[in-house]
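I have placed the structure first, in the form of structure tokens, so that the comments after it can refer back to it.
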Amino acid sequence: MPELLEVETYRRQASAVVGRRIVAVEAPDAWYVKRGDRSVLEPALVGQRVSGIDRVGKLLLLDLEDGTRLGLRFGMTGRLLVDGSASIDRLQYSSTRTDPAWIRFSLFFDDGGDLRMLDPRRLGGVELDPDVARLGPDALTITASELAAALGRSRAPLKARLLDQSRIAGIGNLLADEILFAAALDPARPASSLTPSELGALHQSILTTLPTMMSTGGSHTGPLRTAAALGALCPLDGTPLLRRQIAGRTTWSCPLHQR
DNA sequence: ATTGTGGCCTGCCCGC
DNA sequence: TGCGGGCAGGCCACAA
């Protein structure tokens, strides 16, 4: 999916619908509605005003005036359209086209506007009152002690823990690689093997990498990803980058400075 | 309990 | 130009 950065962009964009009243719901793809279908969504949503927009990790939340929350998950290829326009018109590994057949879910508002989800691969979905407690602290604001707790005494690869949404919410495959690259840590290191200073470096890396990449344009704009695409040499020391599968995901790292 | 694997879906790109 | 294979930013159920 879009990772945390893209969903944060969606959140800002979706704030435009706060205060509007929902007058209709379109859910043409039953698969896309989790834990229910349109017959459950429609009575829960129609007639209600959107009171706020929230985000936890990669989950976007529309708060309604009666306390109901609608969760939007974007999977790997989901995009958001508000009033017909997109804040992100290009997603890595998704299409740049806007095929109407890919509209999986729409809300229509009393002012004539709408909010739509476009998702070619259908890996996202919408869910009424999703269980937010299953998510760990949001990566954008995680504290050092929360990070230490998230890694715990696990022998699993460091990267696997960073990707575990129940431990830390929001980090996807590309962000995990960039964070570990900037922290000079080997993604395959056991999560519990970090020294206090390495843990501090990892925390700093999360808190600086995310805002930096947010400002440069998203999860695919990091130095590591860029270098991997260009010739697979480490931008810091010129060493050929390593490409491996870790936690089941393609993983890029520098074998020299990431230890 | 923790950790790893496979599957879900579909579009796109590359090489033949 | 057409086609098959491989790839993909996520998430969940399942098994060891």
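Just so we're on the same page: letters track the sequence lines, and every chain starts at 1. When reading the values below, keep in mind they use all heavy atoms of this one structure, side chains included, and skip hydrogens, waters and symmetry mates.
Nearest nucleotide to the A/Pro120 side chain, out of C/dC12, B/dG11, C/dG10: B/dG11. Considering only side-chain atoms of A/Arg134, the nucleotide from C/dG10, C/dC12, C/dA8 that sits closest is C/dC12. Taking every side-chain heavy atom of A/Arg249 into account, C/dG10 is the closest of C/dG10, C/dC11, B/dC9.
In summary, A/Arg69 and A/Asp54 engage in a salt bridge, as defined by a charged side-chain N under 4.0 Å from a carboxylate O. In this structure, A/Glu6 does not pair ionically with A/Arg79, as no charged nitrogen and carboxylate oxygen lie closer than 4.0 Å. Here A/Asp111 pairs with A/Arg20 in a salt bridge; the nearest charged N to carboxylate O distance falls below 4.0 Å. Using a 4.0 Å cut-off between charged side-chain N and carboxylate O, A/Glu65 and A/Arg21 make a salt bridge. Ion pairing of A/Glu8 with A/Arg55 is present here, as a side-chain N (NZ or NE/NH1/NH2) and a carboxylate O approach within less than 4.0 Å. A salt bridge links A/Arg73 to A/Glu127: at least one charged side-chain nitrogen sits closer than 4.0 Å to a carboxylate oxygen.
Taking atom P in both C/dG4 and B/dC9, one finds a spacing of 22 Å when rounded to whole Å. For the P atoms, the distance from B/dG6 to C/dG6 is 15 Å, rounded to whole Å.
If you take CD of A/Gln165 and P of C/dC12, they are 9 Å apart, rounded to a whole angstrom. The distance between atom CE of A/Met76 and atom P of C/dA8, rounded to the nearest whole Å, is 8 Å. Distance A/Leu123 CG to B/dT10 P: 9 Å, rounded to the nearest Å. The distance from atom CD of A/Glu3 to atom P of C/dA8 is 13 Å, rounded to the nearest whole Å. The distance between atom OH of A/Tyr32 and atom P of B/dC8, rounded to the nearest whole Å, is 18 Å. Put simply, NZ on A/Lys159 is 13 Å from P on B/dG4, counting in whole angstrom units. Atom P of nucleotide B/dC8 and atom CZ of A/Arg122 are separated by 13 Å, given to the nearest angstrom. The distance between atom CZ of A/Arg225 and atom P of C/dC7, rounded to the nearest whole Å, is 13 Å.
In this structure, A/Arg121 does not reach the B/dC12 phosphate: none of its side-chain N or O atoms is under 4.0 Å from OP1 or OP2. OP1 or OP2 of B/dG11 sits under 4.0 Å from a side-chain N or O of A/Trp102. Side-chain N/O atoms of A/Lys58 include one lying less than 4.0 angstrom from OP1 or OP2 on C/dC11. In this model, the phosphate group of C/dA8 is approached by a side-chain N or O of A/Thr250 to a distance below 4.0 Å at OP1 or OP2. OP1 or OP2 of B/dT3 sits under 4.0 Å from a side-chain N or O of A/Ser154.
Within 4.0 Å of A/Arg35, counting heavy atoms only, lies no atom of the nucleic acid at all. In this structure, A/Pro157 reaches the sugar-phosphate backbone alone: every heavy-atom distance under 4.0 Å involves primed, P, OP1 or OP2 atoms, never a base. Across all strands, A/Arg161 comes closer than 4.0 Å only to sugar-phosphate atoms, never to a base (heavy-atom distances). Here A/Arg104 lies out of heavy-atom contact (under 4.0 Å) with every strand. Residue A/Gly172 is classed as a sugar-phosphate contact, given heavy-atom separations below 4.0 Å to backbone atoms only.
More than 12 heavy atoms of other residues, nucleotides or ligands sit less than 6.0 Å from atom CZ of A/Arg244.
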Original post:
What would the secondary structure line of DNA chain B be in dot-bracket form, counting Watson-Crick and G-U wobble pairs under 3.5 Å, with [ ] for pairs that cross earlier ones and | for pairs with another strand?
Top reply: .|||||||.|||||||
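Using cut-offs of 30° and 60° for the angle between ring planes, the A/Phe74 and A/Tyr10 rings count as tilted.
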